[in-house]
There are 2 protein chains.
Amino acid sequence: MVDEKPVPSRKPRVDAQRNRVLLLETAKAAFADKGPGASLDEIARTAGVGAGTLYRHFPTRDALIEAVYRNETEQLVAAATQLAETHAPVGALREWLLLFVDYMAAKRGMQEALNSLVGGTSELYSASTEQMKRAIAQLLDRAAESGDIRSDLDGFDLLRALAGVANLGAGPDGMQAARRMVDILVAGMRTSAPSPE
Amino acid sequence: MVDEKPVPSRKPRVDAQRNRVLLLETAKAAFADKGPGASLDEIARTAGVGAGTLYRHFPTRDALIEAVYRNETEQLVAAATQLAETHAPVGALREWLLLFVDYMAAKRGMQEALNSLVGGTSELYSASTEQMKRAIAQLLDRAAESGDIRSDLDGFDLLRALAGVANLGAGPDGMQAARRMVDILVAGMRTSAPSPE
DNA sequence: TTTAAATACGGAGACACTCTCCGTTTATCA
DNA sequence: TGATAAACGGAGAGTGTCTCCGTATTTAAA
């Protein structure tokens with residue numbers, strides 16, 4: 001799957017760029033306000049553009065959602081590298097998982113939508129998903145190499161688990177629960193953890 | 001919250017019962033086939049009844065979903081008591097969590113819908129949710145009393161975590177991942193587990 | 001500049017889904 | 001058997017998604 005960009009033969013049009021930004025801002029507000037099910041046509045209307053324009057820029061709801069949260073996702077991803085440099089392997093992992101919980105919690109009401117970043121829900125194998133996968137893999141590999149944690153599990157599953165907890169537990173206690181879950185997960189992954197039997 | 005049944009002054013009509021069953025069967029097939037977003041009108045049409053009839057029996061999508069899976073949920077709940085009687089505390093917990101994973105996995109494609117049984121997504125505080133909560137609480141309390149696991153966590157969060165993993169990991173490897181997650185969770189909950197630092 | 005080609009725009013409209021309302025039908029029981 | 005409570009069905013109003021294509025704007029070449 002080679003990234004075959006169609007070679008831009010000219011400068012992108014300024015109105016197109018303007019509308020794109022306009023749509024992203026409007027969409028962010030709308031999602032925060034009405035949840036992930038906000039009407040796309042209404043977002044277009046509020047942004048002062050036609051429905052066609054919205055769909056041209058963002059063919060699917062997921063594409064729009066991903067674009068809206070791309071920045072914050074990138075910050076989170078960057079933090080992984082940062083933590084890897086400043087913390088011991090398991091500590092870095094734990095800290096990042098806590099950040100991930102915050103990330104999910106900060107978007108309360110948007111969780112269902114954000115699932116598409118952590119789950120196969122979305123049709124497109126989104127770029128953000130890929131980044132997120134790399135971020136957790138980086139931390140996990142490091143901790144596994146140091147021999148502190150078991151190496152037989154996909155880091156992405158950790159995120160799925162945390163997303164599950166953070167998603168469904170409403171209110172501020174949901175975040176507490178997710179934070180507790182981080183410690184349980186980290187403890188359970190350690191090579192020094194008790195075996196199932 | 002008293003169960004205030006409206007005192008049936010006559011026998012329930014047979015056609016009503018028949019249609020109810022018909023709808024449940026049709027809905028089960030439809031959900032399995034088209035996912036949780038299957039059109040309710042189409043379910044009604046396929047069942048050979050009017051839309052009004054469907055909505056009279058099941059006012060919301062969630063109500064229908066819950067009804068469809070009530071039986072299986074009840075079996076799962078019953079298994080908790082069973083396991084509690086025949087296994088050591090932690091073993092029973094672990095076994096039941098594995099059953100829960102199977103339960104989720106068996107409904108691949110339906111996961112999003114089933115979330116409403118494990119999450120606050122659904123408006124109604126459904127009876128099945130309540131049962132499920134009791135089932136896990138029962139096992140968890142027992143294991144906590146025996147001193148084997150920490151007592152500061154809500155069992156329902158475990159289910160949320162497992163649901164998260166099982167939901168989003170597509171394919172048969174998703175189930176593998178969820179099974180591994182069970183062991184991590186159980187290990188992490190043990191009082192003998194290593195502390196976060 | 002002017003102008004042709006490329007690009008983007010907008011919104012009408014086709015289609016799908018949800019859910020309600022109410023006139024009609026059917027089952028129950030006296 | 002007849003009265004009536006209970007249930008039925010489906011038309012239709014309201015809302016949403018997404019496409020299509022004639023029109024408008026921008027870019028860059030002349």
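Predicted, not measured: the structure shown is a model, and the values here were computed from it. By convention in this document, chain letters (A, B, ...) are assigned in the order of the sequence lines, proteins followed by strands, and residues within each chain are numbered from 1.
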Cationic N near anionic O, under 4.0 Å, A:E66 to A:R61:
no

A:S146 versus A:A143, closest heavy-atom pair with distance
OG-O, 2.9 Å

Could you run down nucleotides 11-22 of chain D 5' to 3' and tag each one B, S or - for protein heavy-atom contact under 4.0 Å?
-----SBBB---

side-chain N/O A:H57 vs C:dC9 OP1/OP2, d < 4.0 Å:
yes

Spacing between B:K11 atom NZ and C:dC29 atom C1', to the nearest angstrom
10 Å

Which one, D:dA6, D:dC8, C:dC9, comes nearest to the side chain of B:R13?
D:dA6

State whether a side-chain donor-acceptor pair under 3.5 Å links B:T60 with B:Y55.
no

Please identify each residue that fulfils salt bridge (charged side-chain N to carboxylate O under 4.0 Å, His left out) with A:R56, with sequence neighbours left out.
none

Using modelled atom types and a 3.5 Å cut-off, is there a donor and acceptor pairing between side-chain atoms of B:R94 and backbone atoms of B:V182?
no

I want to check one thing: is the phosphate of D:dC8, taken as OP1 and OP2, less than 4.0 Å away from some side-chain N or O of B:N19?
yes

Distance in angstrom units between B:L23 CG and D:dG9 C1', rounded:
12 Å

Please report the distance, rounded to the nearest Å, between CG in A:L54 and P in C:dA8.
15 Å

Would you say a side-chain N or O of B:T53 is under 4.0 Å from OP1 or OP2 of D:dA7?
no

Rounded to whole Å, the CD1-C1' distance (A:I43 to C:dG10) equals 17 Å

Grab the CG-C1' distance between B:L64 and C:dT18 for me, whole Å please.
14 Å

Atom-to-atom span, CG of A:D15 to P of C:dA6 - whole angstrom
17 Å

Pair listing, side chain to side chain donor-acceptor pair (under 3.5 Å) test, anchored in residues 76-85 of chain B, at least two apart:
none

